[in-house]
S.K.: 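Here it is, the structure, as structure tokens.
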Amino acid sequence: MPDTNGAPNSNPKPNPNKQERPPLLKKSKIIADNTLAGQLFPAVRRVSSTSPSSSESHTTSATNDANFGFGDRDYVYPSFLGPHTTRNRVNVKSTSKSQRNKHDLPARSESMPSNLSCEAKVESKMKPKPKLKAEKDLNALSIQVSSSASSALSGSSSANFSNARRPSAHRYSWILLLLKFLCTLSVSHTLYLRNEVSKLQEENISLRRACSHVDLASAGIMELEEVNSLVYFGNADSRTVALYMVVFILVIPFALYKYLDYLPRIIDLLKRKYTIKEEVPLMKRIAYVVDVCFSVYPYAKLLALLFSTLFLIGYGGLALYAVGDGSFIEAIWLSWSFVADSGNHADMVGAGPRIVSVLISSGGMLIFAMMLGLVSDAISEKVDSLRKGKSEVIESNHILVLGWSDKLGSLLKQLAIANKSIGGGVVVVLAERDKEEMEMDIAKLEFDFMGTSVICRSGSPLILADLKKVSVSKARAIIVLASDENADQSDARALRVVLSLTGVREGLRGHVVVEMSDLDNEPLVKLVGGELIETVVAHDVIGRLMIQCALQPGLAQIWEDILGFENAEFYIKRWPQLDGVPFEDVLVSFPEAIPCGVKVAAYGGKIIINPDDRYVLKEGDEVLVIAEDDDTYVPGLLPEVNKGLFPRITDPPKYPERILFCGWRRDIDDMIMVLEAFLAPGSELWMFNEVPENDREKKLTDGGLDISGLENIKLVHHVGNAVIRRHLEGLPLETFDSILILADESVEDSIVHSDSRSLATLLLIRDIQSKRLPNKDSRLVPLRHSVFSQSSWIREMQQASDRSIIISEILDSRTRNLVSVSRISDYVLSNELVSMALAMVAEDKQINRVLEELFAEEGNELCIKPAEFYLYDQEEVCFYDIMRRGRQRREIVIGYRIAAAERAVINPAGKSKQRKWSLDDVFVVISSGD
């Protein structure tokens with residue numbers, strides 16, 4: 001029947017015999033209460049499915065409002081966990097969307113109770129349904145919601161609820177993406193399975209047709225193949241799993257690349273741990289670790305390539321097994337063949353196998369390209385290491401040169417000559433230069449090394465690894481060259497090199513020869529190095545040689561012959577057959593050598609030069625000789641020597657001399673002290689340089705010179721530039737006995753500049769002297785070289801050179817050639833003489849004691865004596881006789897120079913041969929200096 005509103009009743013008449021239904025479980029709405037109203041509990045009203053009568057609605061509402069308790073709320077026991085244990089579930093009917101929108105207005109708060117009752121009345125007029133037990137219980141419950149609480153909740157809860165859901169949606173967005181991907185994958189796999197089913201059906205039909213024509217033997221073979229297919233996972237299920245694995249492995253890298261940085265956040269979320277500080281992304285950390293591995297471990301790239309190859313073979317074999325019909329082992333073999341040879345995939349049949357084989361072949365080509373790159377890089381690195389001199393030297397008993405300087409060329413030349421007798425040796429050079437540059441500079445020397453190999457390596461002598469690279473512990477001698485820096489920096493670097501050498505764990509087999517620049521720094525280096533260190537102070541050696549050569553013209557050439565290995569040099573060797581022989585007989589016992597000292601074993605190996613004739617050699621003593629080589633002399637029978645009669649002339653007394661120093665050397669104070677020992681009282685030393693006079697005395701005093709304590713010489717100071725003519729003209733150049741042109745301290749770092757300055761000063765001094773010399777004296781002097789007869793200024797300079805001695809400190813051998821050709825100066829070649837001394841001490845460190853004594857101002861010295869001290873004019877005697885006569889003067893005669901000859905002969909051959917001598921001849925002797 002129609003209701004009061006005229007609408008027809010759509011509910012049918014209830015069946016009294018129908019069994020009562022259980023209550024429906026629906027998701028309950030949260031009941032809004034004014035005490036629980038807030039952002040988390042939006043206001044929702046609950047309405048029963050059956051409405052009470054209109055007369056009972058208000059009464060029931062009021063009663064239930066008063067009896068409603070906390071246990072009646074649905075959120076205490078959630079509906080999705082099942083029926084309540086103490087109360088029956090009730091059906092809840094919510095308002096429609098339009099009604100909720102209407103009640104959300106502010107006016108809803110006042111009409112809320114009436115609306116509830118009106119809705120109940122409308123529902124009561126509808127055709128009644130069969131009442132259930134739960135509905136009867138629900139009729140006793142009526143909820144009255146406060147209008148004010150509902151109004152407040154309706155506005156705030158909607159906004160806050162939406163805000164609370166936003167972080168959750170953002171947090172699980174990656175889960176949605178993963179679900180989408182899985183859905184797509186499932187659809188693709190469904191299509192693939194459908195295609196496989198159709199294929200299997202076709203194969204089943206073909207197999208049925210084939211089985212009808214197969215005999216028993218064929219049936220046995222098929223059974224065996226089935227067994228093998230089970231062994232190699234040949235069933236359909238294994239291929240499906242293989243396909244899943246292929247797809248999963250293919251997707252994993254992309255997923256990791258996309259979401260790898262979120263992994264730490266997910267871990268922290270699962271552990272309920274929240275970190276506020278910012279961390280480096282995981283992908284960057286992994287990239288950094290890979291970079292470090294490739295940089296630190298040399299074989300990391302090779303291992304990575306090997307792993308990539310194995311992975312490609314395994315992954316490709318799995319993919320071929322998934323899309324093909326062969327066994328798994330056969331698929332692995334095909335994958336390897338595709339990787340090794342990209343052309344093998346042309347024989348594949350079917351779309352799936354062809355696609356997979358093409359991809360495997362492409363990966364194989366990529367791996368092959370990577371392998372070629374690694375091999376090419378390894379070869380290039382090895383070639384570059386060899387080119388730059390980074391490889392290890394596998395040598396022993398070699399000579400090691402540490403450092404690079406302008407002395408290296410002449411040093412290598414002397415070492416090559418020294419090793420000529422043994423067929424050549426090995427010289428290793430370690431310097432902080434490129435290997436190719438060093439080899440090119442050595443090749444420019446245009447010198448035959450006579451079998452000696454020169455090996456260059458690039459590295460620092462201060463680094464132990466570089467020292468071990470050149471087999472420093474197996475070298476028989478180590479030479480440390482001074483650098484091109486100033487003296488203090490050069491000696492400081494030499495000290496650091498010595499410290500590095502003492503730190504070699506394996507120890508040193510040979511001795512170390514260190515070139516020093518300043519004599520004051522020598523004790524410190526010896527203190528650090530100990531007994532293995534032998535020092536050669538370049539400036540001190542050259543300064544002493546210059547003074548000796550200035551006082552004795554022609555001594556420079558003799559020192560070159562003795563120090564170099566081209567002619568005669570010093571050797572020390574033991575001769576047991578000479579034990580018990582006095583030194584006067586030992587002196588004439590060597591036809592090819594000249595004995596000049598004894599190394600006394602009883603005195604701890606002390607070398608005594610020019611010993612007494614009555615000294616008898618004992619067991620363990622060694623003989624110091626001057627010979628051409630160490631294997632060219634042996635003692636022989638004693639010759640018959642006739643001393644005869646000879647003039648008993650004593651050395652003339654020393655006369656005061658006037659010497660000029662042009663330039664200022666760093667060790668000029670030491671040179672003044674040497675001059676004080678050699679010169680007679682009343683001598684004058686003129687000092688001409690650009691250093692102010694007040695600063696000179698301070699520098700000399702700081703160097704350790706006591707100016708007031710000088711007894712034999714007087715210092716005369718003049719300030720001026722040695723390359724300016726008008727400054728030189730203010731000096732009495734024609735009155736000096738000797739002039740020493742020094743390499744000035746201000747330009748000593750530049751060899752070319754220093755030699756240019758010395759050569760310019762030499763030419764100016766000679767020109768001024770030639771203009772001031774009287775003509776009558778010039779006509780009496782014969783010319784030494786007819787090649788300069790057409791050049792008047794050269795001839796005048798040669799005439800002036802016979803009136804005074806000029807010693808020029810020349811550093812470059814090319815400049816020496818210019819001076820030697822013109823013969824306008826007796827010269828000293830600094831770098832070459834120092835290189836000779838270094839090479840000689842490197843071959844035998846005992847020779848350093850000999851050189852130190854010969855260079856000193858006290859003790860034995862090398863001198864040039866006139867022939868009138870040993871013979872009469874035109875007397876015919878042998879060289880042995882002259883040696884015997886020299887022993888009467890406590891001298892050892894080691895050579896001579898004929899009047900017409902230009903060079904002296906040291907250790908002459910045919911010592912027992914008679915010859916005539918002239919008083920114009922001179923003899924080279926080692927004198928005691930008494």
S.K.: What is the minimum heavy-atom distance between Cys863 and Gln552, and which atoms define it?
M.R.: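 Heavy-atom minimum between the residues: CA-OE1, 3.2 Å.
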S.K.: Does Ser391 form a side-chain hydrogen bond (donor to acceptor under 3.5 Å, both in side chains) with Arg457? I'd like the steps, not just the answer.
M.R.: CA-CA 8 Å; Ser391 59; Arg457 287 294 180 267; 3.1 Å; yes
S.K.: For Val723 and Ala760, which heavy atoms make the closest approach, and how far apart are they?
M.R.: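 Smallest interatomic distance, heavy atoms only, reads CG1-CB, 4.3 Å.
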S.K.: Yes or no on side-chain contact (heavy atoms from CB on, under 4.5 Å) for Val428 and Ser471, after CA distance, side-chain angles and deciding distance?
M.R.: CA-CA 9 Å; Val428 181; Ser471 301; over 6 Å; no
S.K.: Of Glu852, Glu857, Glu853, which meets salt bridge (charged side-chain N to carboxylate O under 4.0 Å, His left out) against Arg544?
M.R.: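 When salt bridge (charged side-chain N to carboxylate O under 4.0 Å, His left out) is applied between Arg544 and each of Glu852, Glu857, Glu853, only Glu857 qualifies.
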S.K.: Tell me yes or no: between the side chains of Asn721 and Arg757, is some donor less than 3.5 Å from an acceptor?
M.R.: yes
S.K.: Start with the C-alpha gap between Asp441 and Leu408, add the side-chain angles, then the distance that decides, and say whether side-chain contact (heavy atoms from CB on, under 4.5 Å) holds.
M.R.: CA-CA 10 Å; Asp441 291 342; Leu408 184 63; over 6 Å; no
S.K.: Atom NZ of residue position Lys301 - does it have more than 12 heavy atoms of other residues, nucleotides or ligands inside 6.0 Å?
M.R.: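 Count not over threshold, so no.
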S.K.: Please check if atom CD in Glu622 has more than 12 non-hydrogen atoms from other residues, nucleotides or ligands closer than 6.0 Å.
M.R.: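 For Glu622, atom CD is crowded (more than 12 foreign heavy atoms under 6.0 Å).
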S.K.: Within the distance-only criterion (no hydrogens, no angle test), does the side chain of Asp466 pair as donor or acceptor with the backbone N or O of Ser460 below 3.5 angstrom?
M.R.: yes
S.K.: Let me know which of Ile607, Leu563, Ile626 forms a side chain to side chain contact (heavy atoms under 4.5 Å, CB included) with Phe570.
M.R.: Ile626
S.K.: Between Glu439 and Arg433, does any side-chain N to carboxylate O distance fall below 4.0 Å?
M.R.: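 No, no charged N to carboxylate O under 4.0 Å.
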S.K.: Suppose we screen for ring-ring contact (aromatic ring centres under 6.0 Å, His included). Which residues come up paired with Trp664, at least two apart in sequence or across chains?
M.R.: none
S.K.: Please say which of Val429, Leu400, Leu411 ends up in a side chain to side chain contact (heavy atoms under 4.5 Å, CB included) with Ile479.
M.R.: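 By the side chain to side chain contact (heavy atoms under 4.5 Å, CB included) criterion, Ile479 pairs with just one of Val429, Leu400, Leu411: Leu411.
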S.K.: Start with the C-alpha distance between Met546 and Glu809, add both sets of side-chain angles, then the distance that settles side-chain contact (heavy atoms from CB on, under 4.5 Å), and finish with yes or no.
M.R.: CA-CA 8 Å; Met546 290 184 69; Glu809 184 178 5; 3.9 Å; yes
S.K.: Grab the two heavy atoms, one from Ala416 and one from Phe449, that are nearest each other, plus how far apart they are.
M.R.: CB-O, 3.5 Å
S.K.: What closest approach, in Å, do Leu862 and Ile562 show between heavy atoms, and which atom pair accounts for it?
M.R.: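 Smallest heavy-atom distance, with atoms named: CD2-CD1, 3.7 Å.
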S.K.: If every non-hydrogen atom of Ala431 is compared with every non-hydrogen atom of Trp404, which pair is closest and at what distance?
M.R.: CB-CB, 3.8 Å
S.K.: Has Ser835 got a side-chain atom pairing as donor or acceptor with Lys407's backbone, closer than 3.5 angstrom?
M.R.: yes
S.K.: Would you verify whether the NZ or CZ of Lys573 falls within 45 degrees of the ring axis of Tyr633 while also being under 6.0 Å from that six-membered ring's centre?
M.R.: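 Satisfied, under 6.0 Å and within 45°.
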S.K.: So for atom CD, which belongs to Gln489, do other residues, nucleotides or ligands contribute more than 12 heavy atoms lying within a distance under 6.0 Å?
M.R.: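 For Gln489, atom CD is crowded (more than 12 foreign heavy atoms under 6.0 Å).
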S.K.: More than 12 foreign heavy atoms under 6.0 Å from CE of Met440: is that the case here?
M.R.: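 12 or below, so no.
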S.K.: Could you tell me which residues satisfy side-chain hydrogen bond (donor to acceptor under 3.5 Å, both in side chains) with Lys599, sequence neighbours excluded, listed by chain and number?
M.R.: Gln846
S.K.: Going by atom types only, do Arg665 and His539 share a side-chain donor-acceptor pair under 3.5 Å?
M.R.: no
S.K.: As a quick check of understanding, evaluate salt bridge (Lys or Arg N to Asp or Glu O under 4.0 Å) for Glu566 and Arg903, giving each step before the final call.
M.R.: CA-CA 14 Å; Glu566 293 178 297; Arg903 299 186 68 88; over 6 Å; no
S.K.: Once ring-ring contact (aromatic ring centres under 6.0 Å, His included) is applied, do any residues pair with Phe855, and if so which ones, sequence neighbours excluded?
M.R.: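 With sequence neighbours excluded, Phe855 shows a ring-ring contact (aromatic ring centres under 6.0 Å, His included) to Trp559, given in chain and number order.
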S.K.: Restricting to non-hydrogen atoms, name the atom on Ala550 and the atom on Ser738 that form the minimum distance, rounded to 0.1 Å.
M.R.: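 Taking Ala550 first and Ser738 second, the nearest heavy atoms are O-OG, 3.0 Å.
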S.K.: Heavy-atom count check: over 12 atoms from other residues, nucleotides or ligands less than 6.0 Å from Phe447 CZ?
M.R.: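 Yes - once you tally the heavy atoms of other residues, nucleotides and ligands closer than 6.0 Å, there are more than 12.
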S.K.: Might you confirm whether atom CD of Glu392 has over 12 heavy atoms from other residues, nucleotides or ligands at distances under 6.0 Å?
M.R.: yes
